[in-house]
Amino acid sequence: MIDFARNARLWFAPERVRNEGNTPDYRFSLANERTFLAWVRTALALIGGGFAVDQFLPDLRWAWRVGLALALLAAGVLCSLRAVSHWVRCERAMRRGEDLPVSRFPAVLSLVVALVAVAMVVVVVVGWEG
């Protein structure tokens with residue numbers, strides 16, 4: 001968590017990241033940026049899904065609708081924050097010549113999405129009416 005907070009300061013000062021180590025091959029920095037953008041697209045999709053569940057399933061029992069919507073919205077928020085954090089960590093590691101950082105976040109995000117999907121299957125099988 002301390003590392004996350006330390007890196008959070010670099011989110012708004014990317015020029016400080018450039019001062020560390022040596023400039024990596026631009027292809028690696030651009031690949032890192034593409035990965036960041038993919039995570040942001042995923043976050044937007046999760047947020048959109050959360051709003052869709054809330055707005056387009058009015059017949060769904062309130063607790064189910066709000067629970068599923070909040071799970072998707074929370075996953076979207078975490079995904080967007082993790083995207084920028086991972087971008088900074090990878091950029092710093094490449095500049096320092098270190099191994100790229102590992103993360104459990106993709107596994108956690110996959111489990112959250114799978115749980116929401118299972119809940120949606122239950123809703124479809126059992127029915128919408130509460």
Side-chain angles (χ1 to χ4, degrees):
M1 188 64 177
I2 293 172
D3 191 41
F4 181 84
R6 191 177 309 132
N7 286 335
R9 288 182 288 171
L10 296 175
W11 298 358
F12 304 102
E15 65 278 357
R16 288 183 54 205
V17 174
R18 297 180 91 186
N19 293 334
E20 291 191 34
N22 300 317
T23 302
D25 186 332
Y26 289 109
R27 293 175 292 179
F28 299 125
S29 288
L30 292 172
N32 189 28
E33 186 174 337
R34 285 190 301 274
T35 302
F36 164 76
L37 293 172
W39 279 105
V40 170
R41 285 191 301 271
T42 301
L44 289 171
L46 290 165
I47 291 167
F51 280 116
V53 165
D54 184 53
Q55 294 298 307
F56 298 120
L57 301 176
D59 295 334
L60 186 60
R61 185 177 293 162
W62 182 84
W64 276 97
R65 190 178 78 235
V66 169
L68 293 171
L70 288 176
L72 289 167
L73 291 169
V77 167
L78 290 174
C79 191
S80 64
L81 292 174
R82 186 65 179 132
V84 69
S85 173
H86 189 71
W87 175 82
V88 167
R89 291 173 61 219
C90 286
E91 193 66 27
R92 290 178 77 195
M94 286 188 299
R95 289 179 166 277
R96 293 175 175 174
E98 300 172 352
D99 289 340
L100 292 178
V102 296
S103 175
R104 291 184 183 97
F105 184 76
V108 171
L109 180 63
S110 296
L111 289 174
V112 169
V113 170
L115 288 173
V116 170
V118 167
M120 290 302 295
V121 167
V122 169
V123 166
V124 168
V125 170
V126 172
W128 302 102
E129 305 289 326

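Since the structure is predicted, the reported quantities are computational estimates derived from the model, not experimental observations. We number each residue from 1, following the sequence as shown. Computed from heavy atoms alone, side chains included, the values below leave out hydrogens, waters and symmetry copies.
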Can you measure from [atom1] ([X]) to [atom2] ([Y]) and round to the nearest 0.5 angstrom?
X   : Y    : atom1 : atom2 : value
S85 : F105 : OG    : CZ    : 10.0 Å
E33 : C90  : CD    : SG    : 13.0 Å
L46 : R41  : CG    : CZ    : 13.0 Å
L72 : F51  : CG    : CZ    : 11.0 Å
H86 : L100 : NE2   : CG    : 7.0 Å
W39 : L81  : CH2   : CG    : 12.5 Å

Got a sec: does the [atom1] of [X] have more than 12 other heavy atoms crowding it under 6.0 Å?
X   : atom1 : answer
R18 : CZ    : no
D25 : CG    : yes
N22 : CG    : no

State yes or no: do [X] and [Y] share one hydrophobic cluster built from I, L, V, M, F, W and Y residues joined by side-chain heavy-atom distances below 4.5 Å, directly or via other members?
X   : Y    : value
V77 : V88  : yes
V53 : L115 : no
V84 : L44  : yes

Nearest non-hydrogen partners of [X] and [Y], listed with the distance:
X    : Y    : answer
V17  : R95  : O-CD, 3.1 Å
L109 : A75  : CD1-CB, 3.9 Å
E91  : S29  : OE2-OG, 2.9 Å
L57  : M120 : CD1-CE, 3.9 Å
W64  : V122 : CH2-CG1, 4.1 Å
G76  : I47  : CA-CG1, 3.9 Å

Heavy-atom distance under 4.5 Å between the side chains of [X] and [Y], does that happen here?
X   : Y    : result
T35 : W87  : no
R61 : V66  : no
L78 : V108 : no
V40 : S80  : no
L60 : L68  : yes

Dump the intermediate steps for side-chain contact (heavy atoms from CB on, under 4.5 Å) on R89 and N32, then the final yes or no. CA-CA 10 Å; R89 291 173 61 219; N32 189 28; over 6 Å; no
Can a side-chain donor-acceptor contact be found between S103 and R82 if the only test is distance below 3.5 angstrom? yes
Hydrophobic side-chain clustering at under 4.5 Å (ILVMFWY, transitive links): who's grouped with V102? Put none if nobody. none
Side-chain ion pair, R92 and E20, N-O less than 4.0 Å: yes
